[in-house]
Structures are given as structure tokens and as C-alpha cells.
Amino acid sequence: MTSQPDNNVSSTISGWLDRKAARLAGVILAPRRTLPRVAIEPGFWLPILIVAVAYFGVRMTMLPNMREHYASAEFIEWYAEQRGISQAQAERDVAGLSRKAPLLNVVEAPMVVTAGVLSVAVIIYLIGRLGYRGAVRFRYVFSMVAWATVVSAIPLFITIPLKLINTDWNFETSPAALFPPELIGGYIHRFLQSIDLFLIWQVWLLGIGLSALYRVSIQRALGAIGTIFIIFAVLNALFTTPVQ
């Protein structure tokens, strides 16, 4: 017979999972009601973990191609020249990096996602603090951004099975995917690569969160977030190396 404490633990875990699932669904289906709530609640690590797992999964599907690239004679020669070491030493170093790649991905994924959330949170915090004169705790802004970022995991999770089938396949959701081969790599192509549907969705969620936290109109909040998004897309297109 199951003891009463075990039942209590199971009930607690089940309730916690139900609440988090409801929060995730709320961010997607009812963001105006959900984002202000999750901003002041603990648990911002959950959406970061979800995105990190998705990012890690995509990186792992790319591992065979990365190892093939690292093992190529051209890369080893380049590595030896850059480090000023012998060809044999370069081969040993590259082999070691190849073996450590899964562990490095484990470390990299949460760091990349957390850094991205932190960067966006700082920008939004400054907008609210300097532009709207709002006194909102940074923790609330960070939590709101983390939950709004969870939608970026959707294309990553879709990409994983595609790359398991064919490593050259990608889940394209930007207008750049419609460009003919001869136009790929140009400025317009690079700019449109940033106009991703899921990124636009995330901008919309960030605008809703900014509006709720600083009590400004959604139009005003989206104008601020949208302007930053366009500036990012322009700079990204300017400084991204064209595809040869």
C-alpha cells in the first residue's frame, strides 16, 4: 500500500507540472493575461531550460558534419598555421576537441540561451527605466523575457527530426527561403533572414510584456520593441559575412 507521504509528494509534483504546463500554454494562447503573472512568479529557469534543451538537440544533430569538417585536411592545416604548431600536434588537438564536443555543447547551450535572455532583458529594462520612467525590478523584466523566449524553442524542436533525416534540411520560416540561388548572400537576403516568423512572434510577446510591466499602451511598447528589432536586422545584414 502506498504511504500517505508518497501520495502527497506525487500530488505536489503533479500540481507543479500542471501549473507550469498551464503557464506555457498561457504564454502561447493568452499572453496578455499570462506574461504579467509569470514575470513576478519564481521559475524563470524553466523556459530557459526548454530553449537550451532544444538548442542542444539541434547542435547535436550537426555534430557529424562538424566532426567531418574538423577532420578535413584543410581545417587541420589552417588550425596548425593559426596555433603555430606541427601538423601532428594539430591533428591530436582537433581530435580532442571532437571528442569533447558533446560536453562542450552541454555547457554552451544554457550559457548561450541565458546570455541572449539577459541581453534582451537589459535592453527592455533600459527602455522602461529611461523611456517610460518605470521602477520595475530587473528580475521581473528578466522573467518576462525568459517566458516570452520560450516560443523560440518551437522551430528548434521541429528542426531536430528534420536534421536527423537529412543534415542539410532546415525549418525555414523567413521570406529569405523563397530567394532563388543566384540571389542568396546579398544584403536583402541577409536582411530577410532576420524577419523570421517565430522571432516576430517573440517581438509581439515582448511588446505585450513591456506594456503590462510598465503600464503603457501595446502600440507604444510594440513600437519600441519593433524599432530595436529592425535595427538589429539591419546591422545583422550589414555585418554578416555573405554566403559565397
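- Between Q89 and R92, the closest side-chain pair of non-hydrogen atoms falls below 4.5 Å.
- Few gaps surround CD on Q87; more than 12 heavy atoms of other groups in view lie less than 6.0 Å from it.
- Among all heavy-atom pairs drawn from Y132 and A221, the shortest one is OH-CA, 3.9 Å.
- Here the closest non-hydrogen pair linking P31 and P36 is O-CD, 3.9 Å.
- Checked against salt bridge (Lys or Arg N to Asp or Glu O under 4.0 Å), E108 has the following partners two or more places apart in sequence or in another chain: R59.
- Note: the hydrophobic cluster containing V107 does not contain I48 (ILVMFWY, side chain heavy atoms under 4.5 Å, direct or indirect links).
- Rounded to the nearest 0.5 angstrom, I158 CD1 and F171 CZ are separated by 4.0 Å.
- Looking at every heavy atom in both residues, A233 comes nearest to I195 through CB-CD1, 4.4 Å.
- Between atom CG of residue D93 and atom OG of residue S98 there is a gap of 12.5 Å, rounded to the nearest 0.5 Å.
- In the hydrophobic cluster analysis, where Ile, Leu, Val, Met, Phe, Trp and Tyr join through side-chain heavy atoms closer than 4.5 angstrom, L126 is grouped together with V145.
- A 4.5 Å side-chain heavy-atom check between I200 and W204 finds every atom pair outside the cut-off.
- Cluster membership for L164 and M66, using ILVMFWY side-chain heavy atoms within less than 4.5 angstrom, is shared.
- Taken to the nearest 0.5 Å, the CD1 atom of I154 stands 11.5 Å off from the CG atom of L197.
- Formation of a donor-acceptor pair under 3.5 Å by the S211 side chain with backbone atoms of G207 is not found in this model.
- In this structure, A39 and L213 approach most closely via the heavy-atom pair CB-CD2, 3.9 Å.
- In this structure, CZ on F229 lies 10.0 Å from CD on Q202, to the nearest 0.5 angstrom.
- V106 forms part of a hydrophobic cluster together with F56, M60, L63, judged by ILVMFWY side-chain heavy-atom separations under 4.5 Å.
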Could you walk me through whether V141 and Y214 pass the side chain to side chain contact (heavy atoms under 4.5 Å, CB included) test, one step at a time? CA-CA 10 Å; V141 177; Y214 290 94; 3.6 Å; yes
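- Within a 6.0 Å sphere centred on CZ of R139, heavy atoms belonging to other residues, nucleotides or ligands number more than 12.
- Under the 4.5 Å side-chain heavy-atom criterion for grouping Ile, Leu, Val, Met, Phe, Trp and Tyr, V38 is connected to I218 within one hydrophobic cluster.
- Residue P155 comes nearest to T159 through the heavy atom pair O-OG1, 2.7 Å, listed as atom of the first residue, atom of the second, then distance.
- Residues I127 and I228 form a side-chain contact, since some pair of their non-hydrogen atoms from C-beta on lies under 4.5 Å apart.
- Grouping the Ile, Leu, Val, Met, Phe, Trp and Tyr side chains by contacts below 4.5 angstrom, directly or via other members, places W169 with F198.
- At least one side-chain heavy atom of I50 sits less than 4.5 Å from a side-chain heavy atom of L24.
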Set out, in order, the CA-CA distance, both residues' side-chain angles and the distance that settles side chain to side chain contact (heavy atoms under 4.5 Å, CB included) for V122 and Y125, then state yes or no. CA-CA 5 Å; V122 168; Y125 179 77; 5.6 Å; no
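- Annotation: side chain of M62 is not in contact with side chain of T167 (no heavy-atom distance under 4.5 Å).
- The closest side-chain heavy-atom distance from I160 to F157 is below 4.5 Å.
- Considering every non-hydrogen atom in both A54 and L156, the closest pair reads CB-CB, 3.6 Å.
- You'll find the side chain of I124 reaches within 4.5 Å of the side chain of I225, heavy atoms only.
- Of the possible polar contacts, none joining the S143 side chain to the Y140 backbone as a donor-acceptor pair under 3.5 Å is found.
- Looking only at distances, no side-chain donor or acceptor of K163 sits under 3.5 Å from a matching main-chain atom of D168.
- A distance of 8.5 Å separates CD1 in I28 from CG in L205, rounded to the nearest 0.5 Å.
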Check residues 111-119 and write down every donor-acceptor pair under 3.5 Å in which the side-chain atom is one partner and the other belongs to a residue at least two apart or another chain.
from : atom 1 : to   : atom 2 : distance (Å)
T114 : OG1    : P110 : O      : 2.7
S119 : OG     : A115 : O      : 2.8

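- Annotation: side chain of M144 is in contact with side chain of L206 (closest heavy-atom distance under 4.5 Å).
- Between the CZ atom of R23 and the CG atom of L46 there is a distance of 11.5 Å, given to the nearest 0.5 Å.
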